[in-house]
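See below for the structure under consideration.
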Number of protein chains: 2
Amino acid sequence: MTGQVRTVDGRVAGRRGQETRQKLLDCLREMLSTSPYRDVKVIDVARMAGTSPATFYQYFPDVEGAVLEIAEEMAEDSVELKELLDGKSWVGKTGFTTSEDLVDGFLAFWRKNDAILRVVTLGAAEGDKRFFKIRMKVLNSVAGPLGEAIKANQAKTDKSVDPAALSGSLVSLLASAAEHSKAFTAWGVKVKDLKPNLALQVYLGVTGKKPPK
Amino acid sequence: MTGQVRTVDGRVAGRRGQETRQKLLDCLREMLSTSPYRDVKVIDVARMAGTSPATFYQYFPDVEGAVLEIAEEMAEDSVELKELLDGKSWVGKTGFTTSEDLVDGFLAFWRKNDAILRVVTLGAAEGDKRFFKIRMKVLNSVAGPLGEAIKANQAKTDKSVDPAALSGSLVSLLASAAEHSKAFTAWGVKVKDLKPNLALQVYLGVTGKKPPK
DNA sequence: ACGGTAAGCTGACGGCATGACAGGACAAGT
DNA sequence: ACTTGTCCTGTCATGCCGTCAGCTTACCGT
């Protein structure tokens, strides 16, 4: 389904080629997490990979193209986030644990991929449809199931909030907290306290009730 | 208080110099809103301003330096956001209006400055202290007063949520919604419905109650 | 084993952005 | 007109970008 990996000029990549390509991607990933996006240069990536800029351009049209590749890989991984909600209960104490696990898992995922997600977020904000789509895929892996959970709970305790809007808000909040956790620290919220606070808000959003002691 | 405007090599800028400098800043602002941050080049800004790259480097060390200048200007403007909360009531129908006005004003501010805020957000996420500080100044102009309001209301209806964490979450949510309103659209939330939804969440966060009909 | 074919890599090059400098243009005061 | 200090730009060295021709390497059929 992925089709064959191809070079920019149309040749199919063999074993060695794919290795080189992967090495370039790895090095780019590394560069992204150590220097500002604006300063990431093809020549640096190539140097780090022990190859030449010309080789880079064989496999990717430009830096952005390679970044998209990494981002798509990450978006694939994001399906694992669905498991944080799949078949979980929102009732009583177990419900709050569900909420805590969700927050935990989401923050961990974001932290693991924070460099690439930063770039994806920027691209999306700048209106680039490709980055926007990737960002939505990641967020939807949580927003989808979460919206379902909210809708299911509203069936019991009818409230007048649009489930889509609410789950979207909650996921946006999680993303924002993950990307800018330092802001919360500056507001006097200790890292340790951040997670419970987020979990509380998620629980409140889904069930509409205070969590059991 | 700003001190005198100076060129990179230490001369003080006169009338004409300041005009040129301002023109460069305006053009940079324009460029930022029309092309990806990564692709903004000194030469383009200079060309647009009808001057030469050398002139640009006379007033700014690099693109980032000039961007910081614009960002600081914007951060100054952000004090106007405080007025959205100063002395406002959170009681009953008036309270919900306060919430609506806050959301309205915040989104408007963000939209007006979205290009520069995008870059500030990126810089902050990348760990740049200067951008982080600017972003905090903007967010604090709302988070501060909002936190006060929350604390004041908790005095009556005691709840166990940290006011700082809650106001931080709400402001983060607003920022996220402003920056990625398209995401909400993709979730089926119409632009028209987004504001009331956000206002509702802010109101809920502050008062802990559903708004009066 | 051998030659053919396609994959893989790089040196080299024109083009453009960066950033520094010195010198010329300009305005203002004397 | 002359001086002084501000302001702008032409020019230059440097370095990255993006492309290409051409060389080397691996694979495959006979």
Side-chain angles (χ1 to χ4, degrees), chain A residues 2-28 30-32 34-70 119 123, chain B residues 2-32 34-70 119 123 128:
Chain A
T2 350
Q4 262 170 321
V5 179
R6 288 187 175 273
T7 58
V8 168
D9 55 334
R11 289 203 309 276
V12 300
R15 202 207 80 240
R16 193 153 71 111
Q18 299 213 15
E19 272 174 23
T20 308
R21 204 183 113 102
Q22 193 55 49
K23 192 172 209 172
L24 284 167
L25 285 177
D26 291 343
C27 291
L28 174 55
E30 167 83 17
M31 293 287 321
L32 284 176
T34 54
S35 34
Y37 181 45
R38 199 168 196 283
D39 298 339
V40 171
K41 308 287 181 196
V42 169
I43 199 170
D44 297 322
V45 177
R47 257 201 285 263
M48 184 182 294
T51 179
S52 79
T55 302
F56 181 95
Y57 286 107
Q58 266 210 333
Y59 296 105
F60 312 103
D62 49 27
V63 171
E64 207 187 55
V67 165
L68 272 168
E69 201 79 13
I70 296 177
V119 180
Chain B
T2 351
Q4 260 171 322
V5 178
R6 288 186 175 272
T7 58
V8 168
D9 54 336
R11 286 202 316 276
V12 299
R15 200 207 82 240
R16 194 155 68 108
Q18 299 213 15
E19 273 175 22
T20 309
R21 203 183 113 102
Q22 193 56 50
K23 192 173 210 170
L24 284 167
L25 285 178
D26 292 344
C27 290
L28 174 54
R29 201 188 237 113
E30 167 83 17
M31 294 285 327
L32 283 176
T34 54
S35 34
Y37 181 45
R38 200 166 196 283
D39 298 340
V40 171
K41 307 287 180 198
V42 169
I43 198 168
D44 296 324
V45 177
R47 256 201 287 264
M48 185 182 292
T51 179
S52 78
T55 302
F56 181 95
Y57 285 108
Q58 204 148 60
Y59 296 105
F60 311 103
D62 49 28
V63 171
E64 207 188 55
V67 164
L68 270 168
E69 202 78 13
I70 297 177
V119 180
D128 188 305

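Sequence lines set the chain letters: A, B, ... in the order given, protein chains first and strands last, and positions in each chain run from 1.
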- Query: Are any non-hydrogen side-chain atoms of B/L28 and B/E69 less than 4.5 angstrom apart?
  - Reply: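 Not in contact.
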Using OP1 and OP2 only, check whether a side-chain N or O of [X] sits under 4.0 Å from [N].
X     : N      : value
A/T55 : C/dT10 : yes
B/T51 : D/dT9  : yes
A/R15 : C/dA7  : no
A/T20 : C/dC9  : yes

- With a 4.0 Å cut-off, would you call B/R47 and B/D44 a salt bridge? yes
How many whole angstroms separate atom [atom1] of [X] from atom [atom2] of [N]?
X     : N      : atom1 : atom2 : value
B/Q58 : C/dC26 : CD    : P     : 16 Å
A/F56 : C/dG8  : CZ    : C1'   : 17 Å
A/D39 : D/dC16 : CG    : P     : 12 Å
B/L24 : D/dC8  : CG    : C1'   : 11 Å
B/R21 : D/dC8  : CZ    : C1'   : 16 Å
A/Q18 : C/dC9  : CD    : P     : 12 Å

- Message: What's A/F60 touching, base or sugar-phosphate or nothing? Going by heavy atoms closer than 4.0 Å.
- Response: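 No contact.
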Check the interface with nucleotides 16-20 of chain C: list each N/O to N/O pair with the protein under 3.5 Å, or write none.
{"unit_1": "C/dT18", "atom_1": "OP1", "unit_2": "B/V42", "atom_2": "N", "d": "3.3"}
{"unit_1": "C/dT18", "atom_1": "OP2", "unit_2": "B/V42", "atom_2": "N", "d": "3.2"}
{"unit_1": "C/dT18", "atom_1": "OP2", "unit_2": "B/I43", "atom_2": "N", "d": "3.3"}
{"unit_1": "C/dT18", "atom_1": "O5'", "unit_2": "B/Y57", "atom_2": "OH", "d": "3.4"}
{"unit_1": "C/dG19", "atom_1": "OP2", "unit_2": "B/Y57", "atom_2": "OH", "d": "3.1"}

